[in-house]
Amino acid sequence: ELIEDKANRLFLVENPVEIKIEKAPKKKVELHVHPDHPKRGKRILNIHEEIFIDEGDLNRMKEGKLHRLIDGFNFIKKGTKFIFDSEDYENFKTSKNKGLIIHYLPKKKNMIAFELFKPDGKVSTGIAEEGVKDLKVGSIIQAERVGYCRLDSNDKNEYVFWFTHK
């Protein structure tokens with residue numbers, strides 16, 4: 001069965017690390033629940049300076065490059081600091097010093113925990129976007145930048161997913 005058309009999008013940030021992007025503006029980011037089905041609605045992320053990103057993205061981030069938060073803003077890594085650059089996607093797209101496009105979650109109280117079981121037997125943990133609260137057990141999502149996952153259980157506000165495929 002083809003699931004791409006049915007699977008709504010969400011951010012699951014594995015191995016989250018907090019970073020602060022200095023001088024970043026407050027911004028309301030609106031992302032489609034599914035890019036091919038705008039009637040399914042939008043997801044809202046209110047971002048500012050403090051965000052969580054995947055530790056793997058942090059490790060791949062090159063100093064001095066222009067990096068971008070998905071539909072958010074651009075920033076540059078300088079040593080151990082992260083400095084806001086601009087909001088305009090075109091600045092990133094046309095940059096000769098282009099870095100990574102990164103998925104993220106804004107820092108807030110009561111982050112939602114998840115576990116993700118993978119085919120190789122490994123289990124990753126992290127934080128999930130608010131939209132996971134609307135999922136029913138058995139729902140399949142596309143975790144952006146991760147892959148397709150099925151919600152196996154929701155016990156005491158920790159969500160357990162099984163990775164299905166990229």
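Computation of the quantities below employed the complete heavy-atom set of this structure, encompassing side-chain atoms and omitting hydrogens, waters and symmetry-equivalent molecules.
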Q. Does the pair R9 and H34 meet the rule for a side chain to side chain donor-acceptor pair (under 3.5 Å), with working shown?
A. CA-CA 6 Å; R9 294 356 183 220; H34 193 294; 2.9 Å; yes
Q: Under the side chain to side chain contact (heavy atoms under 4.5 Å, CB included) rule, what do I70 and I102 come out as? Steps first, then yes or no, please.
A: CA-CA 6 Å; I70 293 174; I102 299 170; over 6 Å; no
Q: Could you give me the CA-CA distance, side-chain angles and deciding distance for L10 and V132, then say whether side chain to side chain contact (heavy atoms under 4.5 Å, CB included) is met?
A: CA-CA 8 Å; L10 287 171; V132 299; 3.8 Å; yes
Q: Evaluate the salt bridge (charged side-chain N to carboxylate O under 4.0 Å, His left out) criterion for residues E87 and K27: first the C-alpha distance (whole Å), next the side-chain angles of each, then the deciding distance (0.1 Å), finally the verdict.
A: CA-CA 9 Å; E87 289 188 55; K27 183 173 181 179; 3.6 Å; yes
(Q) Apply side chain to side chain contact (heavy atoms under 4.5 Å, CB included) to residues I3 and Y148 and explain how you reach the verdict. (A) CA-CA 9 Å; I3 60 173; Y148 292 90; 3.7 Å; yes
**Q.** From CA spacing to verdict: side chain to side chain contact (heavy atoms under 4.5 Å, CB included), V146, L116
**A.** CA-CA 10 Å; V146 175; L116 177 59; 3.8 Å; yes
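Taken from CG in N74 to CG in L66, the straight-line distance is 4.5 Å, to the nearest 0.5 Å. Atom CD1 of I101 sits about 11.0 Å away from atom CG of D57, to the nearest 0.5 Å. Rounding to the nearest 0.5 Å places CZ of F92 at 8.0 Å from CZ of R68. A distance of 12.5 Å separates CD in E4 from CD1 in I140, rounded to the nearest 0.5 Å. Taking CG of D85 as the reference point, atom NZ of K65 lies at 14.0 Å (rounded to 0.5 Å). Atom CG of L58 sits about 11.5 Å away from atom CG of N15, to the nearest 0.5 Å.
K78 NZ: 12 or fewer foreign heavy atoms inside a 6.0 Å radius. Under a cut-off of 6.0 angstrom, the local environment of CG in N110 is sparse, with at most 12 non-hydrogen atoms contributed by other residues, nucleotides or ligands.
Here the closest heavy-atom approach between residue I51 and residue H48 is recorded as CG2-O, 4.2 Å. Across all non-hydrogen atoms, the minimal contact from F114 to A128 is CD2-N, 3.9 Å. Heavy-atom minimum distance, G126 versus P16: CA-CD, 3.7 Å. The two residues D71 and L31 come nearest to each other via the heavy atoms OD2-CD2, 3.1 Å. Closest heavy-atom contact between P25 and F73: O-CE2, 3.9 Å. In this structure, F163 and P119 approach most closely via the heavy-atom pair CD2-CD, 3.6 Å.
Shown here are the side chain to side chain donor-acceptor pair (under 3.5 Å) partners of N8, two or more places apart in sequence or in another chain: R40.
Note on residues 117-137: pairs passing side chain to side chain donor-acceptor pair (under 3.5 Å), not counting sequence neighbours, are E14-K118, E14-S124, R43-E129, K108-E130, E130-K133. Sorted by first then second residue, the side chain to side chain donor-acceptor pair (under 3.5 Å) pairs that include residues 88-104, not counting sequence neighbours, are S86-N91.
Side-chain contact between I21 and E50: absent, with no pair of heavy atoms (C-beta onward) separated by less than 4.5 Å. Contact annotation: the side chain of Y159 never approaches that of E115 to less than 4.5 Å [non-hydrogen atoms, C-beta and beyond]. Proximity of L45 to L105: side-chain heavy atoms (C-beta onward) are separated by under 4.5 Å at one or more points. Within the 4.5 Å cutoff, no side-chain heavy atoms of F161 are placed close to those of F117. Using a 4.5 Å heavy-atom threshold, the side chains of I44 and V29 count as separate. At a threshold of 4.5 Å between non-hydrogen side-chain atoms, the residues I141 and L12 count as touching. In this structure, F75 and L69 have side chains that are in contact, with non-hydrogen atoms separated by less than 4.5 Å. Using a 4.5 Å cut-off on side-chain heavy atoms (C-beta onward), N46 and P106 make no contact.
Donor-acceptor pairing under 3.5 Å is recorded for the side chains of D5 and H37.
Grouping the Ile, Leu, Val, Met, Phe, Trp and Tyr side chains by contacts below 4.5 angstrom, directly or via other members, places F11 with I47. A continuous path of Ile, Leu, Val, Met, Phe, Trp and Tyr side chains, each step under 4.5 Å between heavy atoms, connects L100 with F84, placing both in one hydrophobic cluster.
Checked for salt-bridge contact, E30 and K42 meet the test: a charged N lies under 4.0 Å from a carboxylate O. For the pair E18 and K107, the salt-bridge criterion is met [side-chain N within less than 4.0 Å of a carboxylate O]. A salt bridge links E49 with K20: the closest approach of a Lys/Arg side-chain nitrogen to an acidic carboxylate oxygen falls below 4.0 angstrom.
In this structure, E63 contributes its side chain and K77 its backbone to no donor-acceptor pair below 3.5 Å.
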